[in-house]
4 protein chains.
Amino acid sequence: MPGSERSLRSDALRNRIRILVAAESVFAAKGLDASTDEVARLAGVGIGTLYRHFATKDALLDAVFAGRMQRLVDRADDLARESDAGRAFFDFFAGLLGESPRDRVFTDALARAGLDAEAAATRPDNPLHIAMAQLLERAQRSGQVRPDVSVPDLVSSMFGLVHAMRHAGTATRVRLRTLTIVVDGLRPPAGTQRRVKASVPVGRRRR
Amino acid sequence: MPGSERSLRSDALRNRIRILVAAESVFAAKGLDASTDEVARLAGVGIGTLYRHFATKDALLDAVFAGRMQRLVDRADDLARESDAGRAFFDFFAGLLGESPRDRVFTDALARAGLDAEAAATRPDNPLHIAMAQLLERAQRSGQVRPDVSVPDLVSSMFGLVHAMRHAGTATRVRLRTLTIVVDGLRPPAGTQRRVKASVPVGRRRR
Amino acid sequence: MPGSERSLRSDALRNRIRILVAAESVFAAKGLDASTDEVARLAGVGIGTLYRHFATKDALLDAVFAGRMQRLVDRADDLARESDAGRAFFDFFAGLLGESPRDRVFTDALARAGLDAEAAATRPDNPLHIAMAQLLERAQRSGQVRPDVSVPDLVSSMFGLVHAMRHAGTATRVRLRTLTIVVDGLRPPAGTQRRVKASVPVGRRRR
Amino acid sequence: MPGSERSLRSDALRNRIRILVAAESVFAAKGLDASTDEVARLAGVGIGTLYRHFATKDALLDAVFAGRMQRLVDRADDLARESDAGRAFFDFFAGLLGESPRDRVFTDALARAGLDAEAAATRPDNPLHIAMAQLLERAQRSGQVRPDVSVPDLVSSMFGLVHAMRHAGTATRVRLRTLTIVVDGLRPPAGTQRRVKASVPVGRRRR
DNA sequence: GATGAATGAGCATTCATTCAT
DNA sequence: TATGAATGAATGCTCATTCAT
């Protein structure tokens, strides 16, 4: 049962969350060079409190990034339960449309989450990699995604796409078409399309 | 006689160029946070001289970016003279493969060169826009590029692609496949492909 | 019944002692700049508890110093019971050889324990002063220590000697010879030596 | 000839000296923990200027220490030219009487100048060591200093003596007697004194 | 009494920019 | 015009001390 001793911790937890929320907002708006002071101010805590929770500005950034990545992984996992493998796969990419209207956190998170191609080779146990691998394999087996792409290619494309979204700003048309280009590029080339599809009984449920 | 005054000017010009070259090198190697002092040191001039030529670090960055963009525009213009419109178009994209293995100047240049989608709408006279428009139109008329993409879409894709290249690092396979995805995504969808191609004799006009 | 109240007190006392022990250890190892947090951690108490017992870091240091001084006074008192007055006196100094191979508490304790020459003049009731006075007087009466030194001179010499020991580090030879220099300097000058010795039967009084 | 270009340097040099003087004064008065800001303020320069001249607080301290040590070495070298070897040697020690009425710079300088006993063994080329070696050897040859002391012993004694001076404060009597104790301790033990003296013809000149 | 989370003044250091020479 | 010394606001981080639980 959460007694009196727990309440201290819940206060601390509340502060920790406020700091993380403030950090995401500040870093998104002003870039990663924004000062820790500003984060603390927005969070409504003293700078000492911020540093009690995160030993270093870098540690704070890592936490922010990790949170952002977790949300992405969660989405991938959710979509992995979708019956239509192709739809799940492309929905994942389409979701990026809404992710980053203007901020830098998401892109920098990807850049620092140990997701670069070299890290992918040495550390294939990254949660996002695993989640994307699942989406990719199923979609490839269903014949809706070209068979020659690997997870690192996907991550690289996603990374680029997210940056493109940032560049496109609020121009919805541009955002949409840029997504379309990548998505179509991921489809099997004409002539090879749907070769395997029939052999994989999917699509039992429609969401 | 133009002697002494001219020589001063040419000295100044030489310094300006040395500063720009040094700046590109330093910012590429160490990111945009590299100090102006370091740029001046590498250029072999005093920091005061740097600030005489560029009132602000930002002004220096803009100049560096502009130079980088100009090279890109030059390449686009060169390719515009190529007879095969599709080949010219895709070569332009393929050229990005080699552009930025590691440096940040190019990506940041694109990000700051007034090329974002909104700027494109209000300032359609950007040299890169014009150059890319030419490449795009010809390639679309030849049927080798899907007709529904506009220049801003292209710029956005290019921006994403360049970032993806940075993310892929030295993993050649990943770099290549990421490029392939975008390039294939720019091709006309199956069934509509090559419809117009025969009817457009390539390489008719010179700019 | 004294039960609950007594147990609180004994708990508090135990904590106080644990803090003092931890403080001596931490400050000796890392210097007086070591943080109070580290002391509390080593003592196994919360930082709040530390501050309940010692209102200020300075107060804690004073307590640590006082404890260290007390041990020195105890040694002096023990030696005062030795029959050979000269031996007792010089043993006291020789004991400093082993006191502080590396730590700073002892030297800083001496520096802050109100033992400087001016304090000695105004507060001659300092326990260490009293203890050393006894050792000195007896040794002087026995003719083994020059008659012109006073307790403040002795304290000053001791202070210097302890610092010299710290400076000498682990070089045993140097430590030993430095001690010898001071000890020989405290002996009566040649020609005056042993003048009074015979007339004073050592070890007459017990304190 | 010192032209206009040199004048810049002389300004800078003046600032450098002002910083050093201020630093010595501030650190002497408040200990080595005094802030660089305070040094800059006293020197009448901006904090940036201080850091232009000394890359680090530690570098500043080293410079202050080095200056202090140089003065000591100079005195030793001057005394080395004195005809009476014993007088020169003991004058050197007596000079310490005036060196450090209250400040910590001198003692800390000695502590950090690589003069500890271990460093002495590995780096016998320290200027102060060399200077003291000269004083010591001559004094020992003249029979006025006990033959069993080495330079490290001397440095250790000096270190202790300087600390003792700091402890003695303004009590002149105590300062004097503490010096006497060390000086007498450095003299040859009774009976061995002056043995070698006659065989060494010194004392030609009186200064 | 005990706890430890919160506080914020203070510190060393950096760097874009100015200005006297 | 070129130089580089000087400037000081800003930053990441520490730590003695307070106070709600």
Side-chain angles (χ1 to χ4, degrees), chain A residues 3-16 33-40 44-58 60, chain B residues 7-9 11-12 15 33-41 44-58 60, chain C residues 4-5 7-9 11-12 15 33-41 44-58 60, chain D residues 3-16 33-40 44-58 60:
Chain A
S4 59
E5 199 185 341
R6 188 68 57 103
S7 69
L8 268 178
R9 282 188 197 149
S10 83
D11 264 24
L13 183 62
R14 184 175 299 129
N15 270 341
R16 190 188 160 88
D33 289 346
S35 75
T36 48
D37 266 302
E38 191 169 351
V39 172
V45 303
I47 185 64
T49 303
L50 186 152
Y51 275 92
R52 162 171 274 269
H53 285 282
F54 304 95
T56 269
K57 183 181 182 178
D58 242 54
L60 174 58
Chain B
S7 74
L8 276 178
R9 279 189 197 154
D11 267 20
N15 272 344
D33 288 346
S35 74
T36 49
D37 266 298
E38 192 170 350
V39 172
R41 210 178 311 131
V45 304
I47 184 68
T49 304
L50 187 153
Y51 271 88
R52 168 165 288 276
H53 284 284
F54 304 94
T56 266
K57 184 182 184 179
D58 241 54
L60 173 60
Chain C
S4 61
E5 200 187 341
S7 73
L8 277 177
R9 277 191 199 154
D11 268 19
N15 272 345
D33 288 347
S35 74
T36 48
D37 266 300
E38 192 170 350
V39 172
R41 210 177 312 131
V45 304
I47 184 67
T49 304
L50 187 152
Y51 272 88
R52 167 165 289 276
H53 284 284
F54 303 95
T56 266
K57 185 182 183 178
D58 242 54
L60 173 59
Chain D
S4 60
E5 200 186 341
R6 188 69 56 101
S7 68
L8 269 178
R9 282 187 197 152
S10 81
D11 263 25
L13 183 62
R14 183 174 301 129
N15 270 341
R16 190 189 159 87
D33 289 347
S35 76
T36 49
D37 265 303
E38 191 169 351
V39 172
V45 303
I47 184 65
T49 303
L50 186 153
Y51 273 90
R52 161 169 275 269
H53 285 282
F54 303 95
T56 269
K57 184 182 182 178
D58 241 54
L60 174 58

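Proteins get letters first, then strands, A, B, ... in listed order; numbering begins at 1 in each.
- Heavy-atom minimum distance, A:Y51 versus A:T56: CE2-CA, 4.1 Å.
- Here A:R52 contributes atom CZ and A:N15 contributes atom CG; the two are 11.0 Å apart, rounded to the nearest 0.5 Å.
- Regarding A:R14, its CZ atom lies at a distance of 20 Å from the P atom of E:dG4, rounded to whole Å.
- Residue B:H53 is the one, among B:H53 and D:H53, whose nearest nucleotide of DNA chain F lies closer to the 5' end (criterion: closest heavy atom).
- Summarising the geometry, the separation between CZ on A:R52 and P on E:dT3 is reported as 14 Å, rounded to the nearest angstrom.
- One atom, CZ of B:R41, and another, C1' of E:dC15, lie 12 Å apart when rounded to the nearest Å.
- Contact annotation: C:N15 reaches the phosphate of E:dA2 (side-chain N/O to OP1 or OP2, under 4.0 Å).
- Scanning both residues, A:K57 and A:T36, for their nearest heavy atoms gives CG-CG2, 3.7 Å.
- Consecutive Watson-Crick or G-U pairing (both distances under 3.5 Å) extending over three or more pairs maps onto DNA chain F as E:2-21 with F:2-21.
- Between C:V45 and C:L50, the shortest heavy-atom contact is CG2-N, 4.4 Å.
- The interatomic distance linking B:L50 (CG) with E:dT18 (C1') rounds to 14 Å, in whole Å.
- At whole-Å resolution of the value, CG in D:L60 and P in E:dC11 are 15 Å apart.
- In this structure, the separation between OG1 on D:T49 and CZ on D:R16 is 13.0 Å, given to the nearest 0.5 Å.
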Open item on the list: Output one letter per nucleotide in nucleotides 8-14 of chain F: B when a protein non-hydrogen atom lies under 4.0 Å from the base, S when only the sugar-phosphate is that close, - when neither is.
Closed with: BB-SSBB

